[in-house]
2 protein chains.
Amino acid sequence: MTEEQTHFHTEGCLAVSRVLARVGDKWSVLIVMLLAGGPRRFNEMKRMVDGISQRMLTLTLRGLERDGLVSRTVFPTIPPRVDYELTPLGHSLREPVMALGQWAQANLAGIAEAQADFDRRGGAPDAPPAQTPRPG
Amino acid sequence: MTEEQTHFHTEGCLAVSRVLARVGDKWSVLIVMLLAGGPRRFNEMKRMVDGISQRMLTLTLRGLERDGLVSRTVFPTIPPRVDYELTPLGHSLREPVMALGQWAQANLAGIAEAQADFDRRGGAPDAPPAQTPRPG
DNA sequence: CCGAATCCGAAAGGATACTG
DNA sequence: CAGTATCCTTTCGGATTCGG
């Protein structure tokens, strides 16, 4: 890396983006935190999350399973039973996610205030005085 | 909080979700990392990110500005000039985000392998043996 | 009980053209 | 240069129905 970054979006960055997208996903993090307490069954989670559709729960779990964050164990009983559990990888994800969550909580007030200010000023108004420096 | 969590989605959690959504946003984190090196102008960033539309750049910057992560300074010159810069809040966000990024890079191989395994097995096949425990 | 499949409205996001 | 406005395609995601 002798060269300064000129264009963003290098190879590795793209892979990282996918992980960030997972974290940004509305339900994935919620599920991970839920499973932190131990294995859960499908409908059990559906009841706990309260607002998720069974479609989204399925898709979210599939995504997490595909990434190796969650393991799926089905018991061929009648009625069927399926347990979802955090893998070691899934558990390891909790640490950086919780760090982010703590940042969010710590700065929650500041963000809300900034939003209120922004909205009060009507989005993006004119500039401050600033003594007209030469642009070129 | 003497009570254990029964239903997820308590008040504070929802606010945190919004922050996570920002982080999960495809462009926001990229912009924040770009601005870590100092203030940038609009088209300058557009060239650097390489793949972003000017519409998305505008929306992303507006969102970051609204949250108080980025400050916008317009110089009323001709031609106009607008500088975007990370606020202290914006800078403070870099730390937990980079922690997440490092986790992503560290586990990139493991995730890719899990995905390959999952896809090779065709999504979500049958169960392991498991000696039929009683479900109820 | 655990899902897959289908349908359909809502929202995201790129391309383009136009303004100050 | 720094946006805004419009169009249009793609995706997301809830509701519902059916199968193992």
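FYI, side chains are in, hydrogens and waters are out, and symmetry mates aren't considered; it's all heavy atoms of this structure. Residue numbering restarts at 1 for every chain, and letters A, B, ... go by the order of the sequence lines.
Minimum interatomic distance between B:M45 and B:L61 (heavy atoms only, all atoms of both residues): CE-CD2, 4.1 Å. Residues A:S71 and A:T87 come closest through the heavy atom pair N-CG2, 3.7 Å.
Here B:Y84 reaches the OP1 or OP2 of D:dG3: one of its side-chain N or O atoms lies under 4.0 Å away. Between B:R72 and D:dG3 there is a side-chain N or O to OP1 or OP2 distance below 4.0 Å. One finds no side-chain N or O of B:R47 lying less than 4.0 angstrom from the OP1 or OP2 phosphate oxygen of D:dA2.
The B:N43 side chain lies nearest to D:dC1 when the options are D:dC1, C:dG3, C:dC2. The side chain of A:V82 has C:dG3 as its nearest neighbour among D:dC1, D:dG14, C:dG3. Set against C:dC1, D:dC1, C:dC2, the side chain of A:F42 has C:dC2 as its closest nucleotide.
Put simply, CD on A:Q54 is 10 Å from P on D:dG14, counting in whole angstrom units. Look at CZ on B:R55: it is 12 Å from P on D:dT6, rounded to the nearest Å. Following rounding to the nearest Å, A:F75 (CZ) and C:dC1 (P) show an atom-to-atom distance of 16 Å. Residue B:K26 contributes atom NZ, which lies 15 Å from atom P of D:dT10 at whole-angstrom precision. Between the CG atom of A:D25 and the P atom of D:dC12 there is a distance of 10 Å, given to the nearest Å. Distance, A:I52 CD1 to D:dC12 C1': 13 Å, rounded to whole Å. For A:I78 and D:dG20, the CD1 to C1' distance is 9 Å, given to the nearest whole Å. Distance CG (B:D83) to C1' (D:dC1): 12 Å, rounded to an integer number of Å.
With hydrogens and angles disregarded, no donor-acceptor distance shorter than 3.5 Å links the side chain of B:N107 to the backbone of B:G110. A donor-acceptor pair under 3.5 Å is absent between the side-chain atoms of B:Q115 and the main chain of B:A112, judged by distance alone.
In summary, the side chains of B:R40 and B:Y84 do not present any donor paired with an acceptor at a separation below 3.5 Å, with no hydrogens or angles considered.
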